[in-house]
Novice: 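The following block contains the structure, expressed as structure tokens.
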Amino acid sequence: QVQLVESGGGLVQSGGSLRLSCVASGNILDLAAIGWFRQAPGKGRENLGCIQSSRDATYYQDAVKDRFTISRDRAAKTVYLQMDHLEPGDTATYYCTTVHFKPRCTPIGSWGRGTQVTVSS
């Protein structure tokens, strides 16, 4: 079973930036669309966006599309989530998983442990 491992979370002040990484063994990141999600305490898992497997086209939810950027480094077998202008409302555990790019990054893979992002005001 393919596992994706998230990293890069931490504590950051409001207005700051973080870059999260999603790493997998093998070539799954070349073959599959990858999506980023987050879950805040007491809330459901929220879809943030995803990157296509072939042309690296991306899709973002409206809530983050002006602040978050998803990219892929095939040599490093890593998909990134660059988060800028962070706000306290972005505090959550962040996850990556394989998705169907359409419709709108539907998750199909398993969930890892995630990486915690905390934004202080």
Novice: Taking the side chain as every heavy atom from C-beta outward, state whether M83 and Y94 have any pair of such atoms under 4.5 Å apart.
Specialist: yes

Novice: Which heavy atom of F101 sits nearest a heavy atom of A57, and at what distance?
Specialist: CE1-O, 3.5 Å

Novice: So, taking the atom named OG in S21 and the one named NZ in K77, what distance separates them when rounded to the nearest 0.5 Å?
Specialist: 15.0 Å

Novice: Verify the neighbour count for atom CZ of R113: are there more than 12 heavy atoms of other residues, nucleotides or ligands below 6.0 Å?
Specialist: no

Novice: Could you grab the distance from atom OG of S53 to atom NE2 of H100, nearest 0.5 Å is fine?
Specialist: 11.5 Å

Novice: Side-chain heavy atoms nearer than 4.5 Å, only ILVMFWY residues, links allowed to pass through others: does that put V99 and V64 together?
Specialist: no

Novice: Identify whether V12 and F68 are in the same connected component of the hydrophobic contact network (ILVMFWY, side-chain heavy atoms under 4.5 Å).
Specialist: yes

Novice: Can you name the closest pair of heavy atoms from T93 and G114 and give their distance?
Specialist: CG2-CA, 3.9 Å

Novice: Quick check: do Q82 and L18 have side-chain heavy atoms less than 4.5 Å from each other?
Specialist: no

Novice: In Å, rounded to the nearest 0.5 Å, how long is the span from CG of D84 to CG of D66?
Specialist: 11.5 Å

Novice: Does L81 reach the side chain of C22, with side-chain heavy atoms less than 4.5 Å apart?
Specialist: no

Novice: One thing to verify: whether D56 and R74 come together as a salt bridge, which I'm taking to mean a side-chain N less than 4.0 angstrom from a carboxylate O.
Specialist: yes

Novice: Keeping T115 on the side-chain end and G9 on the backbone end, is there a donor-acceptor pair under 3.5 Å?
Specialist: yes

Novice: Testing the basics here: between G112 and Y95, what is the closest heavy-atom pair and its distance to 0.1 Å?
Specialist: O-CE2, 3.4 Å

Novice: Taking all atoms of both residues into account, what is the closest heavy-atom pair of Y60 and I70, and its distance?
Specialist: OH-N, 2.7 Å

Novice: Does E6 reach the side chain of V79, with side-chain heavy atoms less than 4.5 Å apart?
Specialist: no

Novice: I need the minimum non-hydrogen distance between V23 and T78, along with the two atoms involved.
Specialist: CG2-OG1, 3.6 Å

Novice: Apply side-chain contact (heavy atoms from CB on, under 4.5 Å) to residues Y80 and L20 and explain how you reach the verdict.
Specialist: CA-CA 6 Å; Y80 300 102; L20 306 184; over 6 Å; no

Novice: Using residues 39-51 as the side-chain source, report each donor-acceptor pair under 3.5 Å to any protein atom, sequence neighbours left out, with the distance given to one decimal.
Specialist:
residue : atom : partner : partner atom : Å
Q39     : NE2  : K43     : O            : 2.9
E46     : OE1  : R38     : NE           : 2.8
E46     : OE1  : R38     : NH2          : 3.3
N47     : OD1  : G49     : N            : 3.1
N47     : ND2  : R104    : O            : 2.8
N47     : ND2  : C105    : O            : 3.2

Novice: Can you give me the closest heavy-atom contact between S14 and E87, atom names plus distance?
Specialist: OG-CA, 4.2 Å

Novice: Who are the ring pair (Phe, Tyr, Trp, His ring centres under 6.0 Å) partners of F37, not counting sequence neighbours?
Specialist: W111

Novice: Return the CG to OG distance between L4 and S110, rounded to the nearest 0.5 Å.
Specialist: 7.0 Å

Novice: Classify the side-chain pair S120/Q13 by whether it contains a donor and acceptor separated by less than 3.5 Å.
Specialist: no

